[in-house]
Amino acid sequence: MTFPRTRLRRLRHHPILREMAGRADLTPADLVAPLFVKAGLDEPVPIPSMPKQFQHTLDSLTRDAGALLESGVRAVILFGIPAVKDPAGMDASAEDGIAQEGLRRLAGEFGPDLLRIADLCLCEYTDHGHCGIIEGERIDNDRTLERYRRIAVAQASSGADMIAPSGMMDGQVGAIREALDEAGFTDIPILAYAAKYASSLYAPFRDAAESTPAFGDRRTYQMDAAAREEALHEVALDIGEGADLIMVKPALPYLDILAAVRARFEVPTAAFQVSGEYAMIKAAAERGWIDERRVALETLTAIRRAGADIILTYFAGEVGRWLHG
């Protein structure tokens, strides 16, 4: 049937009916908040390129996580920044490493009420800023996997409920799954950064994590922006190696990839609305060019509509308060 008998605006007239007829909803329970904890701080340090985000102390990390729970956000992903960095990023797997301390603090304070996801990478911990062990200016994939195995076990031992490897090394999911199983952590799931692109939108994160590469870039292991079938291949490989959930990163510029992944694979799918996506909305809102709340909710709803079951976003706390409140 066509106009005038068919009028789609009939379903949009009443606000309750608009909600009932909606195809994609967004709730605080869908969101994961990224948090940074840095060793050696006396007070939390604001991140200039990411308004309302901080490098946390252990105490402020706990306070922020508590506020997130109050807003209805029930999951966080933790990034650690050590006081001292070295070529192998040893703090990443140390029992007293800053991320492990943060995980223990969150586990002790909130127990099962808060889902604790540990980002597993080396870029925050190495003095060269790359995601693996280097030989000259080359990333040694297989030596890096050995580091990842140790880090995964250290994170699980410290209270991580989920491990999220983000380094884009070949075979990383399989190596981590094997290490976790051998250590008795067979119930700890893996959220694989399966389709992670070499994006210019990570720049504010590199400020926050102090992880800008000392040389070159990450294009030899992260994916090129034009790649499509390669992303689907990466996802298939990670699922085959034992990934329980998979992720597309960044989110908004790669909604086509997210939708394709969701259509092809029957596993829970996440998307990361990254630091640059967050910073652009914040910057435009500060200048009065856009309505921050409406744009944030619109973009996150688009990510849900494209197929994300879970969204990692720096807006999590604010969106939680907007929706939960």
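Quantities reported herein were computed from a predicted structural model and do not represent experimental measurements.
- A side-chain donor-acceptor contact under 3.5 Å links Asp30 to the backbone of Thr27.
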Report the C-alpha separation of Thr313 and Thr299 in whole Å, then their side-chain angles, then the decisive distance to 0.1 Å, and conclude whether the side-chain contact (heavy atoms from CB on, under 4.5 Å) test is met. CA-CA 11 Å; Thr313 174; Thr299 55; over 6 Å; no

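- Atom CG of Leu245 is separated from atom CE of Met162 by 5.0 Å, given to the nearest 0.5 angstrom.
- In this structure, the side chain of Glu109 does not engage the main chain of Thr62 through any donor-acceptor pair within 3.5 Å.
- With hydrogens and angles ignored, the 3.5 Å screen pairs no side-chain donor or acceptor of Arg293 with any backbone N or O of Asp291.
- Distance CZ/Arg262 to CZ/Arg305: 15.5 Å, rounded to 0.5 Å.
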Full working for side-chain contact (heavy atoms from CB on, under 4.5 Å) between Asp119 and Tyr193: CA-CA 10 Å; Asp119 178 82; Tyr193 286 66; 2.8 Å; yes

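- Minimum interatomic distance between Phe36 and Ala208 (heavy atoms only, all atoms of both residues): CZ-CB, 3.6 Å.
- With salt bridges taken as basic N to acidic carboxylate O contacts below 4.0 Å, one links Asp244 and Arg177.
- Using a 4.0 Å cut-off between charged side-chain N and carboxylate O, Arg104 and Glu101 make a salt bridge.
- Within the 3.5 Å criterion, the main-chain N or O of Asp42 finds no donor-acceptor partner in the side chain of Thr57.
- In this structure, the side chain of Arg147 does not engage the main chain of Ile133 through any donor-acceptor pair within 3.5 Å.
- Asp59 has a carboxylate O that lies under 4.0 Å from a charged side-chain N of Arg105, or vice versa, which qualifies the two as a salt bridge.
- Using a distance-only test at 3.5 Å, with no hydrogens or angles considered, no donor-acceptor pair links the side chain of Lys249 to the main chain of Val274.
- The closest donor-acceptor contact from the side chain of Arg304 to the backbone of Asp25 lies under 3.5 Å.
- Results of the side-chain hydrogen bond (donor to acceptor under 3.5 Å, both in side chains) test with Lys38 over His56, Glu124, Glu210 single out Glu210 as the only residue that passes.
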Could you please spell out the steps behind the side-chain contact (heavy atoms from CB on, under 4.5 Å) verdict for Tyr278 and Lys52? CA-CA 11 Å; Tyr278 172 85; Lys52 297 189 178 181; 3.8 Å; yes

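- Atom CD of Gln100 is separated from atom CG of Asp91 by 7.0 Å, given to the nearest 0.5 angstrom.
- Counting non-hydrogen atoms of neighbouring residues, nucleotides and ligands closer than 6.0 angstrom, the CZ atom of Arg150 reaches no more than 12 such neighbours.
- A salt bridge links Glu178 with Arg149: the closest approach of a Lys/Arg side-chain nitrogen to an acidic carboxylate oxygen falls below 4.0 angstrom.
- In this structure, Ala156 and Leu180 approach most closely via the heavy-atom pair CB-CD2, 3.9 Å.
- Checked options Leu252, Leu31, Ile281; the residue passing with Gln273 is Ile281 (criterion: side-chain contact (heavy atoms from CB on, under 4.5 Å)).
- Distance check, rounded to the nearest 0.5 Å: CD1 of Ile311 to CG of Leu258 gives 8.5 Å.
- Across Ala251 and Ile303, no two heavy atoms sit closer than the pair CB-CD1, 3.6 Å.
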Under the side-chain contact (heavy atoms from CB on, under 4.5 Å) rule, what do Phe185 and Ile163 come out as? Steps first, then yes or no, please. CA-CA 11 Å; Phe185 296 111; Ile163 307 298; over 6 Å; no

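- Enclosure of atom CD in Glu95 is not indicated, since only 12 or fewer non-hydrogen atoms of other residues, nucleotides or ligands lie within 6.0 angstrom.
- Asp207 is not listed as a side-chain neighbour of Pro48, based on a closest heavy-atom distance of 4.5 Å or more.
- Shortest non-hydrogen contact noted between Tyr148 and Cys131 is OH-O, 2.6 Å.
- Of the possible polar contacts, one joining the His128 side chain to the Pro87 backbone as a donor-acceptor pair under 3.5 Å is found.
- No more than 12 heavy atoms of other residues, nucleotides or ligands sit less than 6.0 Å from atom CD of Glu298.
- Minimum interatomic distance between Leu61 and Gly102 (heavy atoms only, all atoms of both residues): CD2-CA, 3.9 Å.
- Between the CG atom of Asp113 and the CG atom of Leu106 there is a distance of 12.0 Å, given to the nearest 0.5 Å.
- A distance of 7.5 Å separates CG of Asp217 from NE2 of His130, quoted to the nearest 0.5 Å.
- Without hydrogens or angle criteria, Glu182 side chain to Ala179 main chain gives no donor-acceptor distance under 3.5 Å.
- Side chain of Ser275 to backbone of Phe205: a donor-acceptor contact under 3.5 angstrom is found.
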